[in-house]
Amino acid sequence: GETPFHLYVQQSGLEYMKLIDLAYYCLLCKDHPLANQKKIRLEELRRCTVVINSRQFDRWALEEMTSTLFNFQIDDHATVMVQKIFTQCQNRAVFITPAYYSRFLSGLKAIPLDRNWRREYGIVYRKSPSALIQRYLDLAREFYAL
């Protein structure tokens with residue numbers, strides 16, 4: 001399966017292969033006051049409604065956001081639907097997420113968050129994978145040039 005990296009993956013006895021490392025972006029409507037920024041500082045979001053899915057963040061990043069932001073909302077529904085993110089942003093909210101959502105929301109601006117936060121994603125699999133899974137892993141290594 002594909003998963004963000006978590007320490008419990010190492011402790012589970014499973015193998016993990018890193019695929020990508022994503023920066024965090026702010027998704028916002030094109031007429032938002034911050035839409036022309038090259039990067040957005042967390043402090044600039046104090047006057048904004050900020051929405052996140054907490055499962056996409058490490059604990060230390062969540063603590064920094066909650067101590068910095070005033071209007072901070074967590075949406076931890078099992079699936080954060082693309083349409084829901086679009087609607088929140090059209091209602092002037094800023095959605096902070098790893099960069100993978102940005103390519104699905106062409107009607108929104110995706111501006112890097114000015115933090116060195118990264119979200120690592122990879123594949124988790126058992127130590128002795130089947131031949132079919134091994135072929136998949138080999139293809140992933142080739143595709144991601146690992």
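- Of all heavy-atom pairs between Ala99 and Leu22, the closest is N-CB, 4.0 Å.
- Counting heavy atoms from C-beta on, the side chains of Tyr25 and Ile96 never come closer than 4.5 Å.
- Taking CG from Leu62 and CD1 from Ile74, the interatomic distance works out to 6.0 Å, rounded to the nearest 0.5 Å.
- In this structure, the side chains of Asn36 and Ile111 stay at 4.5 Å or more apart for every pair of heavy atoms.
- Within the 4.5 Å cutoff, the side chain of Leu28 has heavy atoms near those of the Ile40 side chain.
- Annotation: side chain of Arg119 is in contact with side chain of Tyr121 (closest heavy-atom distance under 4.5 Å).
- Using a 4.0 Å cut-off between a side-chain N of Lys or Arg and a carboxylate O of Asp or Glu, Arg115 and Glu43 qualify as a salt bridge.
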For Thr97 and Leu27, run side chain to side chain contact (heavy atoms under 4.5 Å, CB included): C-alpha distance rounded to whole Å, both residues' side-chain angles, the deciding distance at 0.1 Å, then the answer. CA-CA 8 Å; Thr97 182; Leu27 299 177; 3.8 Å; yes
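- Residues satisfying the side-chain contact (heavy atoms from CB on, under 4.5 Å) test with Glu63, not counting sequence neighbours, are Arg59.
- Using a cutoff of 4.0 Å between basic side-chain nitrogens and carboxylate oxygens, Arg141 and Asp138 are scored as salt-bridged.
- Atoms NZ and CG, from Lys39 and Leu34 in turn, are 15.5 Å apart once rounded to the nearest 0.5 Å.
- When each of Leu113, Asn71, Thr68 is tested with Leu45 by the rule side-chain contact (heavy atoms from CB on, under 4.5 Å), just one qualifies, namely Leu113.
- Heavy-atom contacts from other residues, nucleotides or ligands closer than 6.0 Å to CG of Asn116 number 12 or fewer.
- Taking the side chain as every heavy atom from C-beta outward, Pro129 and Leu137 approach each other to under 4.5 Å.
- Proximity of Gln73 to Thr49: side-chain heavy atoms (C-beta onward) are separated by under 4.5 Å at one or more points.
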Please report the C-alpha distance between Met65 and Trp117 in whole Å, then the side-chain angles of each, then the deciding distance to 0.1 Å, and finally whether the side chain to side chain contact (heavy atoms under 4.5 Å, CB included) criterion is met. CA-CA 12 Å; Met65 282 189 287; Trp117 300 346; 3.7 Å; yes
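- For the atom pair Tyr144 OH and Lys18 NZ, the distance stands at 12.5 Å (nearest 0.5 Å).
- Remark: Arg118 does not engage Asp58 in a salt bridge, criterion side-chain N to carboxylate O under 4.0 Å.
- Between His32 atom NE2 and Cys89 atom SG the span is 8.5 Å, to the nearest 0.5 Å.
- When hydrophobic clusters are built by joining Ile, Leu, Val, Met, Phe, Trp and Tyr residues whose side-chain heavy atoms come closer than 4.5 Å, directly or via intermediates, Phe143 is grouped together with Ile123.
- Within 6.0 Å of CZ in Arg46 there are more than 12 heavy atoms belonging to other residues, nucleotides or ligands.
- Between Arg41 and Asp114 there is no salt bridge, since no side-chain nitrogen of the basic residue lies less than 4.0 Å from a carboxylate oxygen of the acidic one.
- Checked against the 6.0 Å centroid criterion, the rings of Tyr16 and Tyr125 do not qualify as a close aromatic pair.
- In this structure, CD in Glu44 is found 9.0 Å from SG in Cys26, a value given to the nearest 0.5 Å.
- Under the 4.5 Å side-chain contact rule for hydrophobic residues, Ile52 and Trp60 share a cluster.
- Residues Lys109 and Cys29 have side chains not in contact (no heavy-atom distance under 4.5 Å, counting atoms from C-beta outward).
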Could you go through the side chain to side chain contact (heavy atoms under 4.5 Å, CB included) check for Lys84 and Thr87 one step at a time? CA-CA 5 Å; Lys84 188 175 185 181; Thr87 301; 5.7 Å; no
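- Scanning both residues, Leu108 and Phe86, for their nearest heavy atoms gives CG-CD1, 3.7 Å.
- In this structure, the side chains of Leu42 and Glu64 come closer than 4.5 Å at one or more pairs of heavy atoms.
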